[in-house]
Amino acid sequence: GNGGSSGGGTLVGLVTKTDTNPFFVKMKEGAQQAASSAGVTVQSFAGKQDGDNQAQVDAIENLIASGAKGILITPSDSKAIVPSVDKARAAGLLVIALDTQLEPASAADATFATDNYKAGLLIGQWAKAKFAKDGKQAKIGLLDLNPNQVSVDVQRDQGFLEGFGVDVKDKTRIGDESDPRIVGHDVTNGDPSGGRTAMENLLQRDPGINLVYTINEPAAAGAYEALKAAGKEKDVVIVSVDGGCPGVENVKAGVIGATSQQYPLKMAQLGVEAVTQFAKDGSKPKDTDTGVTLITDQPAEGVESKDSAFGLQNCWG
Amino acid sequence: MTTPVLQARGLVKRYGKVTALAGSDLELLPGEILAVIGDNGAGKSSLIKALAGAVVPDEGEIFVDGSPVSFSTPIDARRAGIETVHQSLAVSPSLDIAANLFLGRERRRKGVLGSVFRMLDRQGMREEARRQLDALGIMTIQNPGQAVETLSGGQRQAVAVARAAAFGSRVVIMDEPTAALGVRESRAVLDLILQVRDRGLPVILISHNMPHVFEVADRIHIQRLGRRKAVVDPKSVSMSDAVAIMTGAMEPPG
Amino acid sequence: MTTPVLQARGLVKRYGKVTALAGSDLELLPGEILAVIGDNGAGKSSLIKALAGAVVPDEGEIFVDGSPVSFSTPIDARRAGIETVHQSLAVSPSLDIAANLFLGRERRRKGVLGSVFRMLDRQGMREEARRQLDALGIMTIQNPGQAVETLSGGQRQAVAVARAAAFGSRVVIMDEPTAALGVRESRAVLDLILQVRDRGLPVILISHNMPHVFEVADRIHIQRLGRRKAVVDPKSVSMSDAVAIMTGAMEPPG
Amino acid sequence: MTTVVEERDRSLLTRVQHLLHAQATIGPAVVLLVSVVVFALLSERFLTPGNISLILQQVAVVGTLAVGQTIVILTAGIDLSCGAIMVLTSIVMAKVAAETGLPGFPALLLGFLVGTVCGLLNGMLVTRLKLPPFIVTLGTLNVFFALNLWYSGSATIRGTDMPSLLLWTGQTFTVGGTRITYGSIMLVVLVAAMAFVLKNTAWGRHVYSTGDDLEASRLSGIRTARVLLSVYATAGLVYALAAWTLIGRIASASPQAGQTDNLDSITAVVIGGTSLFGGRGAVVGSLIGALIVGVFRNGLALAGVDVLWQTMAVGVLIIVAVSLDQWIRKVKA
Amino acid sequence: MTTVVEERDRSLLTRVQHLLHAQATIGPAVVLLVSVVVFALLSERFLTPGNISLILQQVAVVGTLAVGQTIVILTAGIDLSCGAIMVLTSIVMAKVAAETGLPGFPALLLGFLVGTVCGLLNGMLVTRLKLPPFIVTLGTLNVFFALNLWYSGSATIRGTDMPSLLLWTGQTFTVGGTRITYGSIMLVVLVAAMAFVLKNTAWGRHVYSTGDDLEASRLSGIRTARVLLSVYATAGLVYALAAWTLIGRIASASPQAGQTDNLDSITAVVIGGTSLFGGRGAVVGSLIGALIVGVFRNGLALAGVDVLWQTMAVGVLIIVAVSLDQWIRKVKA
Ligand SMILES: Nc1ncnc2c1ncn2[C@@H]1O[C@H](COP(=O)(O)OP(=O)(O)OP(=O)(O)O)[C@@H](O)[C@H]1O
Ligand SMILES: Nc1ncnc2c1ncn2[C@@H]1O[C@H](COP(=O)(O)OP(=O)(O)OP(=O)(O)O)[C@@H](O)[C@H]1O
Ligand SMILES: [Mg+2]
Ligand SMILES: [Mg+2]
């Protein structure tokens, strides 16, 4: 039972938020692929659920104790994890934040991430352009993660609204907007079943909803089922974030209007390579934006995007 | 010599370090009331639990009508026609009286309702319960559909006794059936025991109440320290001698 | 006339639709053994539960040495010197014998260990328990440090009785203390009751065992349908008359 | 004067209490009714046939789980692993069908088998090792969940890759303009069937009796170990039905689903008036319990209440509903 | 011949069983010992002073919660809200101090007060409404968690904004080259103190007795309602201590923390040999139980086992450890 590909003496730790979300599972796979080609070992850890900070603290300590050279982490609580990261760095480990920045970002040696805010912004801009073109008045429903207002959740949600041209007021809080176009928020736990229930309830509140933001593609898939059941799937535009293969398939199938594709495999690969390099010569990497690409088959004026064929080539699982 | 209806030979039962039965014998003859007396902890309940299939003895043999049997569950004993009223009653408080009477041998409806849908014949069981309770004449329970938890201790005892009396086809065993009962209720149970015997069924009665024992028993089995110390005839041995044997103050005659 | 040590007037207790006590009276005179008899469900346990503070009656008054009291918890009754052996025993199986004897009135160590650290005087309590058990002379428990769950039913009963006898300073109440006991164990409890009375403490004894009742009681309180039906003198009333009154077959004399 | 009025009030209250006591599930039913009325007053959208059908759909998964949970709790057990069994089952059904092209019906049967086997494992541990069900299912919860992650590779299986039979529970038919899913109907049929079995068969009686007093039941000649085994296995099968409903509802099989469903199903059961001590309760109550939670979540969402306060409301609801039920039961028959 | 050998084997086994039975917490202790030995053989890094200190740090939070959970379970209760109380308390301590500049000591006291009040609320609901503790704490779990999110605004409070006293539990001192946190020491002291109180005071006896048989205790003149209230309140206070340890451990106060800690603390308690039926068990066992889980997680991690299989291992561990304990207890004294 070795959690990683067998390899040389260099141990790289990967700490993700959960091991159920496909996004992190792919990240793990990416890290292991990179590890086998670089000849190092990856050991992965995960929290039991989003926000499980303690498990990540334990993981960092266990990695320090195991003599790891570096840690790649997607923080569950980007503030609360910082002291543990400091400890790891003080013990001579290279710490790279993947996907989500630490607060402050300088707490990590480097951040390999997508800008989640930008991911939200892109789908917001796309939706704005699309609605302007169609000459429709938007009625927006937002399907967020959970009541806890974790940073990815907030950044994607607020980015989307900003991109759509809504005054978001406090950028760090979901739900303090007063724009009349917003019908409401509900939470999904990022899974299809939660997405469906949340969508159903929002539709009950206002059956006229025609634009739905979703925290991720599984939630979007659930939301689509709710819309389909209500016979409204043709009239409503769903936007999402992730860029997983099922999600891009859904873009192609017209289920999702546009999604912001992120690259967990790339993040993990770069991370493993950076730690390998660090182990060899002690050189530290720089912050890298692994990029975000808007995937849609209905390109909108003024918003850069790629089609679903590109998306499928680059999707992560 | 008549074959005993129920016979035990050399029963041993240990609980951890405690030896509840240390090689106990027992013989129940056809049509008799056999009383079992003994101090607290003498192994009376353990003995009849073994006969009722409620515990599996570590050693020893049990015979029904002369043939060896081995009871691994209470159901085995029941199949052999042995019905028991345990000291702890063994009724299900939330079920009603009829349900308790028929517990573990429910009747199904006739026709497809019963064979395919496995529906219980509630009405039939209630009526039968009513009939049984009346036939035994032990008490006036108005409604067999009443939950047992709403009954008084005496009434519950009566339900347990009625069940054993109604279904026992070979032996009825009663472990201290009158311990919690009032004078009148005890009387009714004693009458019931005599009535069961008169129907030809032998009865094993465990009791601490010597007057009761001497009134109804045909023979008295005296249990002491996990063994059968003696079997005496109540007509030829006095109450105080029986007690003396039971407590070890006197050696059994013969 | 002597003031009763303990007196109840017009006690009423209802459980939902059931009326357990329908205006019951009781008088316990100094130094006497008052037996309470009655059918199952006559309200005997309910009556003494009210006297022991275990239930709060819906109506009625209780007097101790002539002054009205109101017990809202068992502790209140205990403070008034009333100790009770309940029908359900009320011992804590996982604790040891000494702990059970002192349950709710633990002794602390002397000095700071006791006053600041509130440490129990285990050793002292064990020794005292040993002394009490010996003094009562009811049995041979080797080790007061033994858990109650390892005792037989009779031994548990003895622990409960010993507790009441040891701590009762005004009244000792026993609800069917011999129901589950063997002949010898019952004898010991009866002797204990007489011994308590001889120390000057009055005793209330509930029992279904008429020979026992007629042997030890000074007066007999007959409870019927939640009321006191009569108080009789065992020396002037026969056992069968008492039972007849109890079951309603006869009206009380006078 | 006041005392007299109070007296009369109390007796009125007592009479209501008695009335409610007559029928066991009436307590939860009253809570449901009251909440429906309140939410109908708060929002005119609430009491539309469409919304009612929606609530039924939303509670279908938890409601189905609650049916299995009910029979376990009736035996004085508890099942923390129900959500994990459901998810594992849904993944097995969907993945085998998607990968090997197994047709819908055998895939479904395979799922039922997996659910039943998981339940049976719980039952074996409870009856053979004589461990408290809480501990057994706390253990197997982790085991089943790990198996789920391992077998699924944490990947979601899309509905389009599955045979349509697996998605059937999400299909709708229309009655008087209202769409109803087959999953909702399945739940109602399941509840009716289980209620029938519990009430009218010997097995049902033995379930109650075993939960009421295990040793007494054994002495009465009930094969209690067999009853317990059959209860856990049946519960596993019911969780497999829940898995089917789940697949239909989200038109996919997701290894992430169901992680809070164990406590949610227990919540439905206890709000529905079944005693955690076993032997008392009814499966219809659990359906009502699930509906109460569903009505609350939906009604509060319609009223635009923040999810934060929805969470709190469910917490308060649990305590209030169970207290009310307790109060009603206090009357002796 | 075989029978004879088997007989001798069995009697050896029986003798071991008897030996183990003599001391209640010896079952869990044996499990702990065996796992330490096994992991030490698997990885040479395992049995280093640094790693041992690490494990102590890692179990400090759950271990502290388990102390409170133990006394609740001893009264035949269960506390699903412990994690929620801890998080709420940590947020209140930290936020009040960070926002109003309240010094560390009063902030800490305020936190202790909040924890105690939360526990008291549980206790009141259990004793006044006579609801099963499972239901009460299932309800208050939601309530406290919602309050936590509401009061914190879901924002993490950084350690740098807090008075240093709140972070004290995370400070270390060095013994023979090994760093030990004050939080670990606090846990050990807390366990010792609680074990002393349970064993040597009247209150401790009343806790056991109340859990053993509530009605018998009441009739014996124990104020059982007061005992229960004090137990839940004390547990709340202990959870506040856990909150302090938590703040020190993560050097911040996070509203996201502690969501799975209720089941984790119950796991520690049951692995530690305390009976869920009340009246039997010891707080030292719970510490050992928490250590067993910590050793497993750490040891498997050092051995490079994937987190997936760690989850499964904990599931199996629960069942094995409790079965072993049950087996040891089967011997009558
Ligand atoms: N399940 C058990 N576990 C451990 N010991 C037991 C068990 N059942 C009985 N014993 C012990 O076995 C011995 C005999 O018990 P048993 O119940 O057979 O006595 P008894 O003669 O029926 O006593 P009583 O008159 O009090 O009912 C006692 O010492 C008792 O403590
Ligand atoms: N807690 C209770 N709840 C409901 N009914 C009760 C309760 N306690 C007693 N009763 C009822 O009150 C009546 C009197 O009961 P009580 O126990 O006082 O009788 P008793 O004379 O002691 O009978 P026994 O000789 O069987 O002990 C009975 O009908 C009984 O069912
Ligand atoms: Mg016996
Ligand atoms: Mg009584």
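No other option in A:Glu61, A:Gln56, A:Glu103 has as many heavy-atom pairs under 4.5 Å with chain E as A:Glu61. Options A:Val57, A:Ile64, A:Asp77 differ in how many heavy-atom pairs under 4.5 Å they form with chain E, and the most are formed by A:Asp77.
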TODO: Would you check, one step at a time, whether the test side-chain contact (heavy atoms from CB on, under 4.5 Å) holds for E:Arg249 with A:Asp58?
DONE: CA-CA 10 Å; E:Arg249 175 143 177 77; A:Asp58 288 356; 2.6 Å; yes
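Looking at E:Leu302, the atoms closer than 4.5 Å to chain A (heavy atoms on both sides) sit in the backbone and in the side chain alike. Proximity to chain A is limited to the side chain of E:Asp261, based on heavy atoms less than 4.5 angstrom apart. For chain A, the nearby parts of E:Asn298 are the backbone and the side chain; heavy atoms of each come within less than 4.5 Å. E:Leu246 touches chain A through its side chain: at least one heavy atom from C-beta onward sits under 4.5 Å away, while N, CA, C and O do not. E:Phe145 touches chain A through its side chain: at least one heavy atom from C-beta onward sits under 4.5 Å away, while N, CA, C and O do not.
No donor-acceptor pair under 3.5 Å is formed between the side chain of E:Arg297 and the backbone N or O of A:Ala55.
Side-chain N/O atoms of A:Asn53 and E:Ser254 include no donor and acceptor closer than 3.5 Å.
Closest of all the heavy-atom pairs between A:Pro104 and E:Arg158 is CD-NH1, 3.6 Å.
Using a 4.5 Å heavy-atom cutoff, the side chains of A:Gln54 and E:Thr260 are not in contact.
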